[in-house]
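Counting from 1, the numbers follow the sequence of the chain as shown. Each ligand, and each atom within it, is numbered from 1 in the order the structure gives.
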Amino acid sequence: MTYYWLKAGHIIFVIFWMAGLFMLPRYFVYHQECAPDSPENAVWIDRERKLLKIILWPSLVVVWILGLLLAVHIGAFGQGWFHAKLALVLGLSAYHVWLADYASALARGQRKLTGRQLRMLNEVPGIVAALAVVLVVVKPF
Ligand code: HEM
């Protein structure tokens with residue numbers, strides 16, 4: 001029973017986390033389309049901060065805690081699929097930290113990437129998430 005509750009919680013927070021990871025770079029694209037000193041610029045900075053504070057950071061923490069509890073529960077640490085999944089989710093977590101850093105840079109007026117580059121980058125978490133789901137469901141190795 002505990003296992004199913006952990007898994008339900010894990011999947012729910014994975015959905016929140018992924019939603020935030022898809023939304024934030026879209027925010028960056030719209031943010032960068034407005035003038036640096038405009039009132040709209042300040043509104044985007046506020047939206048990005050809130051998305052990170054309310055959705056992204058709490059979801060990252062809960063997904064990790066529940067994921068690791070699940071791993072302990074089913075004894076996944078010695079299994080190949082789990083090592084591969086860990087590598088993917090570490091990559092996704094690094095991407096999350098990079099996004100948070102990009103939001104801080106944007107708030108300081110630095111626009112390091114073009115809208116096109118941000119849009120292309122936004123494809124990455126979708127591919128990583130798809131691979132992570134295949135690994136946990138199919139467990140190919
Ligand atoms: C962040 C660290 C994460 C850890 C440590 C972790 C670990 C785990 C573990 C151990 C399971 C249980 C597998 C089983 O019962 O056979 C699980 C289930 C699952 N995980 Fe994660 N996970 C993480 C992140 C993610 C992410 C980012 C996604 C998707 C994008 C994801 C999607 C799923 C799904 C869909 C299941 C349920 C699979 C099933 O039906 O058995 N997890 N996770």
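Nearest non-hydrogen protein atom to atom 37 (C) of ligand 1 is I11 CD1, 3.9 Å. Counting protein heavy atoms only, atom 10 (C) of ligand 1 is closest to A71 N, 3.3 Å. At the top of the distance list for atom 15 (O) of ligand 1, counting protein heavy atoms only, stands Y3 OH, 2.3 Å. Scanning the protein for heavy atoms near atom 18 (C) of ligand 1, the closest one is H10 CD2, 3.7 Å. With respect to atom 11 (C) of ligand 1, the closest heavy atom belonging to the protein is L70 CD1, 3.7 Å. Counting only heavy atoms of the protein, atom 39 (C) of ligand 1 lies nearest to K7 NZ, 3.3 Å. If you check which protein heavy atom lies closest to atom 34 (C) of ligand 1, you get V136 CG2, 3.6 Å.
A pairwise comparison of heavy atoms in N41 and A35 identifies CB-O, 3.5 Å as the closest pair. Of all heavy-atom pairs between C34 and W44, the closest is SG-CD1, 4.1 Å. For the residue pair H96 and L56, the shortest heavy atom distance occurs at CE1-O, 3.3 Å. The minimum heavy-atom distance linking Q117 with T114 is given by the pair OE1-N, 2.8 Å.
Paired with P36 under the rule side chain to side chain contact (heavy atoms under 4.5 Å, CB included), one option of Q110, H31, R111 passes, and it is R111.
Residue nearest to atom 24 (C) of ligand 1, selected from L66, V89, V72: V89 (by heavy-atom distance). Distances from atom 5 (C) of ligand 1 to the heavy atoms of A8, G126, G67 show the closest one on G67.
Counting heavy atoms under 4.0 Å from ligand 1, residue I74 touches it through the side chain alone.
For ligand 1, the atoms sitting less than 4.0 Å from at least one non-hydrogen atom of W17 are 27 (C), numbered in the order shown with element in parentheses. In summary, the atoms of ligand 1 found under 4.0 Å from a heavy atom of V14, numbered by their order in the structure, are 25 (C), 26 (C), 28 (C), 29 (C), 30 (C), 31 (C), 42 (N). The distance from ligand 1 to the heavy atoms of V63 drops below 4.0 Å at these ligand atoms: 1 (C), 24 (C). The L68 neighbourhood of ligand 1 comprises atoms 5 (C), with distances under 4.0 Å to a heavy atom of that residue. Close contacts of ligand 1 with K139, meaning ligand atoms under 4.0 Å from a residue heavy atom, involve 14 (C), 16 (O).
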Would you check, one step at a time, whether the test side-chain contact (heavy atoms from CB on, under 4.5 Å) holds for Y95 with V128?
CA-CA 11 Å; Y95 176 68; V128 175; over 6 Å; no

Before you tell me yes or no, could you show the steps for R47 and V43 under side-chain contact (heavy atoms from CB on, under 4.5 Å), namely the whole-Å CA-CA distance, both residues' side-chain angles and the distance that decides it to 0.1 Å?
CA-CA 6 Å; R47 282 184 188 136; V43 172; 3.5 Å; yes

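Note: F28 and Y102 have tilted aromatic rings, judged against thresholds of 30 and 60 degrees for the angle between ring planes.
For ligand 1, the polar-atom distance check against W81 finds no nitrogen or oxygen pair separated by under 3.5 Å.
Follow the hydrophobic side-chain contacts under 4.5 Å out from L99 and you never reach I15; the two are in separate clusters.
For K85, the nearest N, O or S atom to atom 21 (Fe) of ligand 1 falls under 2.8 Å.
For the pair Y27 and M23, the minimum side-chain heavy-atom distance is below 4.5 Å. Side-chain contact between F77 and V72: present, with at least one pair of heavy atoms (C-beta onward) separated by less than 4.5 Å.
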